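Just so it is clear, the structure is predicted and the values come from calculations on it, not from any experiment.
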Amino acid sequence: MKKKLKEKINEALSSVLPITLIVLILSFTTAPMPIGTLMLFLFGAVMLIVGMGFFSLGVDMAMMPMGDGIGGEIAKSKRMGPILLISFIIGVVVTIAEPDLTVLARQVPAVPDMVIILTVAAGVGLFLAVSMLRTRFGWPLSRMLVLLYLLVFLLALFIPREFLAVAFDSGGVTTGPITVPFIMALGIGTASMARQNDEEDSNFGTVALCSVGPILAVLLLGMCFQSTEVDYTPFTVPRVFTSKDVGEQFAAGFPAYIREVLFGLTPIILFFTAFQLLRLRLRRYPLIKIMVGIVYTFIGLVLFLTGANVGFMPAGNYIGEQMAQHEWMIVPLGMIIGYFIVAAEPAVHVLNKQVEELTGGAVPQKAMQLSLSIGVAVSVGLALVRVITGISIFWFLIPGYALALGLTFIVPKIFTAIAFDSGGVASGPMTATFLLPFAMGACESLGGDILTDAFGIVAMVAMTPLITIQLLGLVCKRKNIRAADLTPEEQQDLFDEIIDYTDDLEQGEEEPHAGHAH
């Protein structure tokens, strides 16, 4: 166990170290940071690394087996009524417990917080049930997504401009580190038991549908209220001067995030306990392993969320303010930060690992990570262009989603499912705690409207991976077409080339892979 934990922490170190070095370089050059803010950031980085290590191990031991087991048991039922009801309840309860959702609800004072939270939760619950129907009846994901996003943009024409960014951001904040591993495993478990065919794309798409549900729900809510009373909580950098002040900041943050994580994990644990008593009846050893995994997940999430919110948020806001004084630098700098920061999203590692395993190595983790990094880099660059110019988010979302939906007709189905899952996964807590404060700091420094110009970065981060992952699918599709007239030996050589195409791009060494796509 210690060996596995050490491996996970080393993986987390390689993920968090690049963004840490970038911030350090900026703090010693163009954006000198107060020593207290810098100390908060460094302690936060250490907590992120340790937290990600515990979280990753906990997901492997507990979250994925629990979701997979519950999904498999749900799929065994022949009656759709109970399946849909249970799926709806799971979606609602797990979403209400997502910490980022409370932050989003506070941005709309015209609507009571609980109304926003319940609306978003109902959207996730409804579309988790729809995902179960899709798995059972084999509905094509690409057609569903086209119809749903056409409806999204149609409704968006009739709501106040101030509601727009909040609505699209809601699709990203609901797919956080607590919900993603469980919902993803739930979908995979259901697909493995209920699949009507052998198409791999049925393993993915649950997160994609659960991301579009909140957007539709908040848009409908905006039409009902027709209010422009949308506000945000002004961000203040904590006054930290000594190491004692640093300790006090983290000490004050720990209890809050302990409560949030407990609140988030409790519904999942209760659902699993009910299924264990009624249906699963796992033996002693796997049950103990899951219990230990839950403890690891809890420790990891508390450390990660405390480090991100207490340590990274002030640094992101301060750097954004300072870099806005150099407009020509802020866009390329933001793209570099976006490229590396997505590697620090805990749920991204869960997705990448699942993709590699379920495609038999045909889509390696390295290819997924490169595609996600490029996508997030582009999205942050475009978001900062909005901050500088004040251009409406519509000018980016409409062509972006049009391109993403157009690609669904020409790329392999599995890449469409993976891409739309990855959009929700990429826009996790690091986006909320570093990129959003970064954009807010820059926007405030430039005198822009934070609600219409800075907010929406979560939506942008959720959009661009839809395109880059599907472009990855086009590369693989082109190489597979070339393989049609080759001998089996030549096809194997070409397959190895597909797997290692990212290594070729980076002139790296070829790495062996355990499995092969069928």
Side-chain angles (χ1 to χ4, degrees), residues 100 103-104 107 149 152-153 156 161-176 207-208 211-212 214-215 218-219 232 316 320 323-324 330-342 344-345 347-348 371-405 407 419-443 446 448-471:
D100 289 343
V103 178
L104 179 78
Q107 312 310 319
Y149 277 103
V152 163
F153 285 105
R161 181 168 175 255
E162 290 81 1
F163 249 96
L164 196 60
V166 174
F168 278 94
D169 281 357
S170 68
V173 300
T174 54
T175 49
V207 175
S211 296
V212 73
I215 301 175
V218 176
L219 288 173
Y232 73 98
M323 294 309 300
I330 194 167
V331 173
L333 173 65
M335 294 182 71
I336 293 172
I337 291 175
Y339 182 92
F340 288 106
I341 204 167
V342 69
E345 289 285 5
V348 164
S371 300
L372 283 170
S373 294
I374 293 173
V376 174
V378 172
S379 66
V380 175
L382 294 176
L384 291 173
V385 169
R386 288 187 59 239
V387 168
I388 295 171
T389 62
I391 298 175
S392 170
I393 195 172
F394 258 141
W395 290 101
F396 297 99
L397 292 182
I398 291 178
Y401 275 101
L403 176 57
L405 294 171
L407 286 170
F420 279 82
D421 274 0
S422 68
V425 172
S427 52
M430 292 307 296
T431 302
T433 60
F434 191 88
L435 293 180
L436 180 56
F438 179 84
M440 291 170 66
C443 190
L446 293 171
D449 187 329
I450 289 179
L451 277 171
T452 57
D453 300 338
F455 277 88
I457 192 170
V458 177
M460 298 291 288
V461 169
M463 178 190 70
T464 46
L466 314 184
I467 299 170
T468 55
I469 297 295
Q470 290 191 98
L471 291 177

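Listed here is the closest heavy atom pair of S379 and T464: CB-OG1, 3.1 Å. Residues I457 and A439 approach most closely at CD1-CB, 4.1 Å, considering heavy atoms. Listed here is the closest heavy atom pair of C443 and A454: CB-CB, 4.0 Å. D453 and R386 get closest at one heavy-atom pair: O-NH1, 3.2 Å.
Between the CE atom of M335 and the CD1 atom of I374 there is a distance of 10.0 Å, given to the nearest 0.5 Å. Between the CE atom of M323 and the CD1 atom of I337 there is a distance of 8.0 Å, given to the nearest 0.5 Å. Here L446 contributes atom CG and I330 contributes atom CD1; the two are 6.5 Å apart, rounded to the nearest 0.5 Å.
Ring geometry for F438 versus F434: interplanar angle under 30°, hence parallel rather than tilted (30 to 60°).
Take A426 and apply the side chain to side chain contact (heavy atoms under 4.5 Å, CB included) test, not counting sequence neighbours, and it matches V342, L372, V376, V461, P465. Not counting sequence neighbours, the partners of A347 by the side chain to side chain contact (heavy atoms under 4.5 Å, CB included) test are V180, V425. Taking L471 as the reference, L407, I467, L474 meet the side chain to side chain contact (heavy atoms under 4.5 Å, CB included) condition, with sequence neighbours excluded. Partners of L466 under the side chain to side chain contact (heavy atoms under 4.5 Å, CB included) rule, at least two apart in sequence or in another chain, are Y401, A404, F420.
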Give the table of side-chain donor-acceptor pairs shorter than 3.5 Å for residues 387-397, with sequence neighbours excluded, one pair per line with atom names and distance.
residue: T389; atom: OG1; partner: V385; partner atom: O; Å: 2.7
residue: T389; atom: OG1; partner: I391; partner atom: N; Å: 3.4
residue: S392; atom: OG; partner: F394; partner atom: N; Å: 3.2

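Looking only at distances, no side-chain donor or acceptor of Q470 sits under 3.5 Å from a matching main-chain atom of L403.
With contacts defined as side-chain heavy-atom distances shorter than 4.5 Å, the pair E345/T431 qualifies.
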